[in-house]
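Quick note: residue numbers are just sequence positions, from 1. Keep in mind the model is a prediction, meaning the values are calculated, not measured.
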Amino acid sequence: MGSCCSHSESREGIQQGGQDSQRMPRAIARQQQNGNVIQDVNEQYKIYFDILEQQFSGKGLKRTQAYKSHIDIGQIEKLRDIFWETRVEGRQEIWQILRSIINEEEETGRFLVQEAELKPIKDSFQHVYDKFGQKYDVPIFCINDPIEFSNEKFEDRGLIKNYGNETVKLLIRSVNLNGKDMEVECKQNQSVVDLKEIVNVELQKGNQIQCESMKLFYRGKEMQDQYQVGRYNLSNEAIVIAHLKILQKT
């Protein structure tokens, strides 16, 4: 991983620990359903990082714009794991190769790119195409460490909103539930990530279903992991649609 300098989505949802109940998202916004990737993958993470114009980190395939972080290195590592572990678009073997390149020397990285028949854009593996024309975008925080950490807290910027701890009962509907809605309860100030965990536990306990990934939708819009449940104005017994990718039993 590129080190500081030398190797050269509202901010709701960051885990601060202690009395701060905000959560770090586990799955960030993904590729659009029609297969077109968002043009600037870093735009999705601007709630955590400020890109520094005309400053760069890393060399060769790992050269990216430099950035300042509003979260600490432990949270960055967690966000990196989230990114790599939640890729659903493209081919998994390509994502594994891209992830491995980060820890390799330049010569080895270029060899891996060539062997996998990847075409980097602007000689950087931040954006590459595979031989089938599928585009893969890697955010800069997955490639290099920040060159600066901000001392400004999210609370001071007025970007965290607490919706309170009132409990709401939801009905989870999925094609995997054989036409029967599943009841779950969560609090308005819990994150969508927390809600997914609750749903996942109930799926395993009541339906013996294990999920590899999950997307939740309310009134046609995907519920984003970094937001609190209260943001979606869910009333008791509101119907939430779950799109599940089932983990296949071996």
Side-chain angles (χ1 to χ4, degrees), residues 1-30 38 40-59 61-87 95-96 98-104 124-126 137-163 165 187 189-198 200 213 223-231:
M1 178 62 58
S3 60
C4 179
C5 302
S6 62
H7 286 283
S8 12
E9 268 173 359
S10 67
R11 282 188 173 86
E12 302 168 65
I14 293 292
Q15 172 108 26
Q16 299 294 337
Q19 60 186 1
D20 190 348
S21 62
Q22 306 302 317
R23 298 293 194 270
M24 169 77 80
R26 292 188 182 174
I28 312 300
R30 299 182 182 138
I38 297 173
D40 184 0
V41 66
N42 298 304
E43 185 72 13
Q44 304 173 57
Y45 302 95
K46 64 182 181 180
I47 57 175
Y48 309 122
F49 311 112
D50 295 332
I51 294 179
L52 304 176
E53 299 296 334
Q54 306 305 317
Q55 296 188 53
F56 297 89
S57 294
K59 297 179 180 179
L61 288 172
K62 302 176 190 177
R63 179 178 166 86
T64 70
Q65 285 185 287
Y67 66 97
K68 177 171 68 174
S69 177
H70 294 279
I71 57 178
D72 62 38
I73 192 64
Q75 292 170 320
I76 293 174
E77 291 289 355
K78 184 173 182 179
L79 200 60
R80 287 166 176 163
D81 289 340
I82 291 167
F83 176 82
W84 293 116
E85 293 169 5
T86 57
R87 297 305 88 204
W95 286 116
Q96 292 168 9
L98 293 174
R99 187 175 190 178
S100 69
I101 290 174
I102 292 173
N103 298 313
E104 298 291 351
S124 169
F125 86 99
Q126 184 182 352
D137 296 273
V138 181
I140 59 177
F141 73 87
C142 283
I143 303 172
N144 290 303
D145 288 339
I147 65 170
E148 183 180 350
F149 288 91
S150 173
N151 293 322
E152 187 176 26
K153 296 181 179 179
F154 294 109
E155 305 94 285
D156 297 336
R157 309 181 89 180
L159 294 173
I160 290 179
K161 182 174 181 180
N162 194 325
Y163 286 90
N165 63 352
K187 297 184 182 299
N189 63 357
Q190 288 185 284
S191 69
V192 173
V193 167
D194 292 328
L195 175 56
K196 287 183 177 180
E197 289 184 348
I198 292 169
N200 195 41
S213 63
M223 300 174 69
Q224 300 297 321
D225 290 339
Q226 68 267 31
Y227 294 140
Q228 294 181 356
V229 171
R231 180 185 178 92

request  = For side chain to side chain contact (heavy atoms under 4.5 Å, CB included), just list the numbers for Lys187 and Val229, CA-CA rounded to whole Å, side-chain angles, deciding distance to a tenth of an Å, and then say yes or no.
outcome  = CA-CA 7 Å; Lys187 297 184 182 299; Val229 171; over 6 Å; no
inquiry  = Can you confirm whether Cys142 sits close enough to Arg80 that some side-chain heavy atom of one is under 4.5 Å from a side-chain heavy atom of the other?
reply    = yes
Set of residues satisfying ring-ring contact (aromatic ring centres under 6.0 Å, His included) with respect to Tyr67, sequence neighbours excluded = Phe49
ask   = With Asn42, which residues qualify under side chain to side chain contact (heavy atoms under 4.5 Å, CB included), at least two apart?
value = Asp40, Ile51, Gln126, Pro139, Ile140
ask   = Would you say Ile71 and Ile76 make side-chain contact, with heavy atoms under 4.5 Å?
value = yes
note = For Val192 and Gln224 the tightest heavy-atom approach is CG2-O, 3.2 Å
task = Measure the spacing between CD of Glu104 and CD1 of Ile101 and express it to the nearest 0.5 Å.
result = 8.5 Å
message = What I want to find out is whether Asp81 reaches Arg99 closely enough, with some N-O distance under 4.0 Å, to be called a salt bridge.
response = yes
request  = Identify the heavy atoms of Ile102 and Phe125 that sit nearest to each other, and give their distance.
outcome  = CG1-CZ, 3.5 Å
query = Between OH of Tyr227 and CG of Leu195, what distance do you get to the nearest 0.5 Å?
reply = 16.0 Å
message = I need the minimum non-hydrogen distance between Gln65 and Leu52, along with the two atoms involved.
response = NE2-O, 4.3 Å
inquiry  = So that I can tick it off, tell me whether Asp72 and Lys78 are bridged by a salt bridge, with the cut-off set at under 4.0 angstrom between side-chain N and carboxylate O.
reply    = no
ask   = Between atom OG of Ser191 and atom CZ of Arg231, what is the distance when rounded to the nearest 0.5 Å?
value = 13.5 Å
ask   = Going from CG on Asn144 to CZ on Arg63, what distance comes out if it is rounded to the nearest 0.5 angstrom?
value = 10.5 Å
inquiry  = Quick one, Phe141 with Ser69, criterion side chain to side chain contact (heavy atoms under 4.5 Å, CB included). Give me CA distance, side-chain angles, the key distance, then yes/no.
reply    = CA-CA 9 Å; Phe141 73 87; Ser69 177; over 6 Å; no
message = Measuring from atom CD1 of Ile147 to atom CG of Asp145, what distance do you get when rounded to the nearest 0.5 angstrom?
response = 11.5 Å
ask   = When rounded to the nearest 0.5 angstrom, what distance separates CZ in Arg87 from OG in Ser213?
value = 10.5 Å
